[in-house]
Number of protein chains: 4
Amino acid sequence: MINNVVLVGRLTKDVELRYTPQNQAVATFTLAVNRQFKNANGEREADFINVVIWRQSAENLANWAKKGALLGITGRIQTRNYENTQGQRVYVTEVVADNFQMLESRAARDGGGQTGGGYTPTPSQPNTSNFGGNQPSQTQSSASTPDFGRDSDPFSGGTPMNLSDDDLPF
Amino acid sequence: MINNVVLVGRLTKDVELRYTPQNQAVATFTLAVNRQFKNANGEREADFINVVIWRQSAENLANWAKKGALLGITGRIQTRNYENTQGQRVYVTEVVADNFQMLESRAARDGGGQTGGGYTPTPSQPNTSNFGGNQPSQTQSSASTPDFGRDSDPFSGGTPMNLSDDDLPF
Amino acid sequence: MINNVVLVGRLTKDVELRYTPQNQAVATFTLAVNRQFKNANGEREADFINVVIWRQSAENLANWAKKGALLGITGRIQTRNYENTQGQRVYVTEVVADNFQMLESRAARDGGGQTGGGYTPTPSQPNTSNFGGNQPSQTQSSASTPDFGRDSDPFSGGTPMNLSDDDLPF
Amino acid sequence: MINNVVLVGRLTKDVELRYTPQNQAVATFTLAVNRQFKNANGEREADFINVVIWRQSAENLANWAKKGALLGITGRIQTRNYENTQGQRVYVTEVVADNFQMLESRAARDGGGQTGGGYTPTPSQPNTSNFGGNQPSQTQSSASTPDFGRDSDPFSGGTPMNLSDDDLPF
DNA sequence: TTTT
DNA sequence: TTTT
């Protein structure tokens, strides 16, 4: 079974951080993800997707990400249900993030200016730092400076691309 | 903005096919996607994810995929809301698939036996055919027989892999 | 930064399992992933994608997955380079899987028959078991049997879907 | 078969735009995607991933995205091979993007300053506009202002979250 | 011959 | 020197 989600969108408000009775940190937030297309009225709508993130990532996110921040997450779709105070069963579909990525803080969007009213932590390098992630993955050796510039590789500027329309499915 | 979902799971029942007043085909179904981990009681739970698919893909899917079928889809998360018959606003989070892939039909799972009761179309090659997909993507030239078996490429069996634990982040 | 890959394809041959000097298991294999579209000659081509997987998942995969098996993986794209025996720098782009999913074993495809020649472990439920995965993700409570049959939810069969072509972007 | 890739990274240089003999636009570029983890020396490495994009998206991207820009793409992994000028077969693994998303232009990163040397088109809202995408997907009706603040929904601030550590798999 |  |  595979259940894989990637979202990039903006926080509709500040992240809410809570703790379970056993003191596990949980953060919840909603991402507004603009659609790729316009509706019949020529407007671009958005999907408002609820996301949950746990533990250290939850605390990091709550510290850094404020309303309007551009955020990337990877995770999975979760469904669950509970009984509400009227005794009705409520069904919930949400995303559980296992990782997040700040792509643009509000500070950055404002051109580096402070947002006023209380302390806003300002990272020295405000964008696209890696906060999320519980456990690192594995890796092998890797390059710091690959080159790709050989022969008739299409990524080389040297030789003209060997392309014909036979290569195109249209 | 990015909104990308991949699911592989089983149909909880037969696909429901409807038509809009303007005669657009829409299919709805629920995928049961088993989780990767067990809960506190040692049970493996599943997420039950609602999916919508449109047009030709909807009709193809409804023709082929029956309860229990293993299905892969790619798409996006959509949120919408409507007012129910009691005048309450209902919020829906679901997946809009733009593509699907039969990974195992019930016929295949049953060892090729017919499922009885009405006509069941039996593909000559029942698994992993491509039904879904509205518009093909683009491609360039491509290989039918790459080899990867040269030099000290780790995919070659020839030379021993040049691996040290320095390459491992653990 | 986000780097997310999902593949479902067939093993071009048996998985190769090796160990690093520090005794870390690594498995390498190639997935043949058929394309969604046909080329100019009406043929369906495939991409042959090299994949690496580490540690316990590597050993599990090597035990279970044989040539022709249908496999799902999630992971990331990795680039690296090394110097070959002729002193040339070789650039490699491959996928590092952090998880795999058997979707169909050869045994299953053959209708449950043994594959002969040595012992083939036969799972009681041969398909879509979860072998891969290093660390479980987090979850909250969840349902085992949601029903989705309330009100005018479009996933309910009760009330007709409230759909108009105004909802369609085409 | 499923072949799905999502990347967010930075352009290692300006996009290269070419045309096939049949006048199809193709853009090639490399994304530097920083890894989530540090290597044995405490350095954060990157993967340098070659990407191809076609037609209108290619022209849009080449117009807007300059070296250092933060870019999101969705697409698939493609393998192909060709014979180089020495008569050797060269194997290529790259990503074919079907969509892109500008997440931060250099202009935005520089605090709105011009980049000098020639005309740089400055979008009124420089980030996260939707340039890419050949064909829109389908949609149904959708909400512009969901509220999520009802009952004991965990996304509501009203009632305390009904969480226990039984919900946690660790 | 790689981004920040 | 590739899967079905």
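Within every chain, numbering begins at 1; the chains are lettered A, B, ... in the order of the sequence lines, protein sequences first and strands thereafter.
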Quiz item: Looking at C/D47, C/V33, C/V95, which hits side chain to side chain contact (heavy atoms under 4.5 Å, CB included) with D/I77?
Solution: C/V95
Counting heavy atoms from C-beta on, name the nucleotide in [options] closest to the side chain of [X].
| X | options | result |
| --- | --- | --- |
| C/K67 | F/dT3, E/dT2, E/dT3 | F/dT3 |
| D/R10 | F/dT2, E/dT2, E/dT4 | E/dT4 |
| D/M1 | E/dT2, F/dT3, F/dT2 | F/dT3 |

For the pair made of [atom1] in [X] and [atom2] in [N], what is the distance, rounded to whole Å?
| X | N | atom1 | atom2 | result |
| --- | --- | --- | --- | --- |
| C/Q36 | F/dT4 | CD | P | 19 Å |
| A/L103 | E/dT4 | CG | C1' | 13 Å |
| D/F48 | E/dT3 | CZ | P | 7 Å |
| D/N34 | E/dT3 | CG | P | 11 Å |
| D/Y82 | F/dT1 | OH | P | 18 Å |
| D/L70 | E/dT2 | CG | C1' | 16 Å |
| C/E16 | F/dT2 | CD | P | 15 Å |
| C/R89 | E/dT2 | CZ | C1' | 14 Å |

Quiz item: Does C/T30 use its side chain to pair, donor to acceptor, with the backbone of C/F48 at less than 3.5 Å?
Solution: no
Quiz item: Can you name the closest pair of heavy atoms from C/N34 and C/A46 and give their distance?
Solution: ND2-CB, 3.6 Å
Quiz prompt | Set of residues satisfying side chain to side chain contact (heavy atoms under 4.5 Å, CB included) with respect to C/A62, sequence neighbours excluded | solution =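 Listed in chain order: C/V15, C/L17.
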